[in-house]
Peer 1: 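A single structure is presented below for examination.
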Amino acid sequence: MRKRPRDVWTASILLCFYGLLGVLLGLLVIGLLADGDDIPGFLTALFYANVVLAAAEIAAGAFVFIGREWGRRLAVGVCVLNGLGGIASLGAGVVLQALVAILVNLAIVVTLHKPEVKQWCRPG
């Protein structure tokens with residue numbers, strides 16, 4: 001049995017934490033939007049998509065933890081999408097939240113590309 005590298009622990013915990021936070025906040029916002037009559041449907045759909053993306057982030061964190069390469073790739077993809085969302089938030093004027101999102105997701109992507117994490121998640 002191999003010893004799980006510290007960076008795998010770090011990436012998995014961060015992915016699951018931020019994924020859970022995204023699911024909870026997304027569902028909270030969807031609940032708040034349900035009370036409004038003049039909310040455009042595309043906005044609600046956007047928050048549902050965010051909840052699905054956050055759930056994928058939780059799954060990616062779990063599968064990185066057990067050493068699945070596709071989980072590592074899914075995690076990188078989700079982090080890239082989250083980083084792009086952070087860049088979009090910069091344009092909307094939400095500077096502090098956007099910078100934190102960009103930096104956290106960049107740090108997770110860098111961690112997922114470390115040799116010990118790649119070795120842990122390699123097939124076979």
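Keep in mind the model is a prediction, meaning the values are calculated, not measured.
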Peer 1: Identify the two heavy atoms, one from N50 and one from G22, that lie closest to each other, and give their separation to 0.1 Å.
Peer 2: ND2-O, 4.2 Å

Peer 1: Before giving the answer on side chain to side chain contact (heavy atoms under 4.5 Å, CB included), spell out for L24 and L28 the whole-Å C-alpha distance, their side-chain angles and the decisive distance to 0.1 Å.
Peer 2: CA-CA 6 Å; L24 293 176; L28 175 68; over 6 Å; no

Peer 1: Report all side-chain donor-acceptor pairs from residues 93-111 shorter than 3.5 Å, counting only partners two or more places apart or in another chain.
Peer 2:
residue : atom : partner : partner atom : Å
N105    : ND2  : A101    : O            : 2.7
T111    : OG1  : A107    : O            : 2.8

Peer 1: Do any pairs count as a salt bridge (charged side-chain N to carboxylate O under 4.0 Å, His left out) and have a residue in residues 74-88, sequence neighbours left out, and if so which ones?
Peer 2: none

Peer 1: Pairs of donor and acceptor atoms involving the side chains of residues 58-78, under 3.5 Å and at least two apart or interchain, shall be tabulated with distances.
Peer 2:
residue : atom : partner : partner atom : Å
E69     : OE1  : R72     : NE           : 3.2
E69     : OE2  : R72     : NE           : 3.4
E69     : OE2  : R72     : NH2          : 2.9
E69     : OE2  : R73     : NE           : 2.9
R72     : NH1  : L112    : O            : 3.0

Peer 1: Hey, could you give me each pair passing ring-ring contact (aromatic ring centres under 6.0 Å, His included) that has a residue in residues 16-47? Not counting sequence neighbours.
Peer 2: none

Peer 1: Considering only residues two or more places apart or on different chains, which pairs with a residue in residues 5-23 satisfy salt bridge (charged side-chain N to carboxylate O under 4.0 Å, His left out)?
Peer 2: D7-K114

Peer 1: My understanding is that only residues two or more places apart in sequence, or in another chain, count here; which of them pass side chain to side chain contact (heavy atoms under 4.5 Å, CB included) with I39?
Peer 2: L33, L43, T44

Peer 1: Mind checking whether V23 and Y48 sit in one hydrophobic cluster, side chains of I, L, V, M, F, W, Y counted as touching below 4.5 Å?
Peer 2: yes

Peer 1: Please answer: with hydrophobic residues joined when any side-chain heavy atoms are less than 4.5 Å apart, are L15 and L20 in the same cluster?
Peer 2: no

